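Because the structure is predicted, anything quoted here is derived from the model rather than measured. For the single chain, residues carry numbers from 1 onward in sequence order.
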Amino acid sequence: GSGLKCDLASGTCKALPGKGEPCDNGKCAKGLSCFSDGTAAAVCAGPGAAGEPCSPSAQTPCNEGLACGADGKCAAVVCQ
């Protein structure tokens with residue numbers, strides 16, 4: 001079904017990885033995407049809250065009202 005994957009080892013359906021879990025061949029549960037900061041294995045992440053990691057390429061976006069800063073973390077949008 002939707003949001004499930006086939007676990008070939010056990011022959012059963014299992015949920016796709018959730019937030020903070022390792023990606024399954026680049027796949028994650030609905031609303032999440034695979035993210036790696038280049039120093040660790042890729043994990044599933046969703047729109048980030050302030051201070052959480054993000055990707056400027058929008059692979060791992062920030063929550064509404066936040067933007068991905070140069071430091072790779074979500075921060076409040078500041079009007080200039």
Could you check C34 against C44 for disulfide bond (SG atoms under 2.5 Å apart), going step by step and ending with a plain yes or no? CA-CA 5 Å; C34 199; C44 294; 5.8 Å; no
Between E52 and P47, the two heavy atoms sitting closest are OE1-O, 4.3 Å
Where is the tightest heavy-atom contact between L66 and A49, given as atom of each residue plus distance? CD1-C, 3.7 Å
Side-chain atoms of residues 14-24: list all donor-acceptor pairs with protein atoms under 3.5 Å, sequence neighbours left out, distances to 0.1 Å.
{"residue": "K14", "atom": "NZ", "partner": "D7", "partner atom": "OD2", "Å": "3.1"}
{"residue": "E21", "atom": "OE1", "partner": "G18", "partner atom": "N", "Å": "2.5"}
{"residue": "D24", "atom": "OD2", "partner": "K5", "partner atom": "NZ", "Å": "2.9"}

Contacts satisfying salt bridge (charged side-chain N to carboxylate O under 4.0 Å, His left out) that involve residues 64-77 (not counting sequence neighbours) are none
Stepwise, does the disulfide bond (SG atoms under 2.5 Å apart) test hold for C68 with C54? CA-CA 6 Å; C68 192; C54 59; 2.0 Å; yes
